[in-house]
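Read the structure below first, then the notes.
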Amino acid sequence: LVVSGTYDWFPKARDVRRFAREYALAPLQNVRVRCGAGVPETMRLALGAEGDDFDAADAIRFGVITDRFSAGHKLKTAAYLMSNSAVLSFANVLGDFADLPFARNWIVEVDSVRALGEAIDRIAARPIEDLRRELTALKAALAAEFAWSKQADVLEGAIAAALQARRTAA
């Protein structure tokens with residue numbers, strides 16, 4: 001499991017603490033936990049986390065979004081996917097990615113540590129060749145969909161429409 005991000009904002013800190021408490025009560029067997037540099041040391045200890053010095057490209061991992069609120073997860077979700085991690089999220093984060101190939105196989109909403117373990121088992125039971133093929137296609141689609149140039153075009157269109165509306169109103 002990979003838990004990363006920053007947790008200075010109250011709702012994020014609250015939710016990572018909740019996850020750490022729940023995980024401590026029922027840790028997953030045969031699962032190592034890695035935390036990014038932004039995870040508070042007390043949470044690292046509660047999760048029994050190992051260091052954050054690992055190569056994300058050397059294996060398929062499981063990135064956990066511990067947040068229970070439903071806003072602002074696009075960057076973390078994309079970062080997990082692009083670093084070879086299936087996304088296991090306590091918040092519903094699929095919306096921005098639902099149209100991408102295989103997204104529903106790689107972004108899973110969970111509601112408990114037990115459900116987290118079940119999702120890991122379900123994904124890990126699949127043939128590695130299928131996982132690699134799907135993740136490669138998903139990452140390519142993700143890179144194309146969220147490319148800076150495409151996002152700049154969307155922003156440029158929105159600005160042009162706003163300017164046109166302003167001219168029309170004047």
>> Is it true that, when you exclude Arg32 itself, more than 12 heavy atoms of the residues, nucleotides or ligands shown sit nearer than 6.0 Å to its CZ?
In response: no
>> One pair to check against salt bridge (charged side-chain N to carboxylate O under 4.0 Å, His left out): Arg18 and Glu22. What are the steps and the verdict?
In response: CA-CA 6 Å; Arg18 178 178 174 184; Glu22 291 172 1; 3.1 Å; yes
> So, Arg132 and Glu129, do they make that salt bridge, N to O below 4.0 Å?
Replying inline: no
> Does Ser112 reach the main-chain N or O of Ala115 with its side chain, forming a donor-acceptor pair under 3.5 Å?
Replying inline: yes
> Checking salt bridge (charged side-chain N to carboxylate O under 4.0 Å, His left out) for the pair Arg68/Asp15: CA distance, chi angles, key distance, verdict?
Replying inline: CA-CA 6 Å; Arg68 311 284 172 130; Asp15 291 346; 5.2 Å; no
Between side-chain atoms of residues 93-105 and protein atoms elsewhere (two or more places apart, or another chain), which donor-acceptor pairs fall under 3.5 Å?
{"residue": "Asn105", "atom": "ND2", "partner": "Glu134", "partner atom": "OE1", "Å": "3.1"}
{"residue": "Asn105", "atom": "ND2", "partner": "Glu134", "partner atom": "OE2", "Å": "3.4"}

>> If you count heavy atoms of other groups shown closer than 6.0 angstrom to CD of Glu156, is the number above 12?
In response: no
> Among the clusters formed by ILVMFWY side chains lying less than 4.5 Å apart, do Ile128 and Phe62 turn up in the same one?
Replying inline: yes
> Side-chain heavy atoms under 4.5 angstrom apart, residues restricted to Ile, Leu, Val, Met, Phe, Trp, Tyr: same cluster for Val31 and Trp106?
Replying inline: yes
>> Is there a side-chain contact between Leu25 and Arg21 in this structure, where contact means two heavy atoms from C-beta onward sitting under 4.5 Å apart?
In response: no
>> Less than 4.0 angstrom from a charged side-chain N to a carboxylate O is my criterion; do Glu118 and Arg114 meet it?
In response: yes
> Any side-chain heavy atom of Val64 sitting closer than 4.5 Å to one from Val87?
Replying inline: no
Give the table of side-chain donor-acceptor pairs shorter than 3.5 Å for residues 2-9, with sequence neighbours excluded, one pair per line with atom names and distance.
{"residue": "Ser4", "atom": "OG", "partner": "Tyr80", "partner atom": "OH", "Å": "3.4"}
{"residue": "Tyr7", "atom": "OH", "partner": "Ser4", "partner atom": "O", "Å": "2.8"}
{"residue": "Tyr7", "atom": "OH", "partner": "Lys76", "partner atom": "NZ", "Å": "3.2"}

> Under 6.0 Å from the CG atom of Leu75, do we count more than 12 heavy atoms belonging to anything else shown?
Replying inline: no
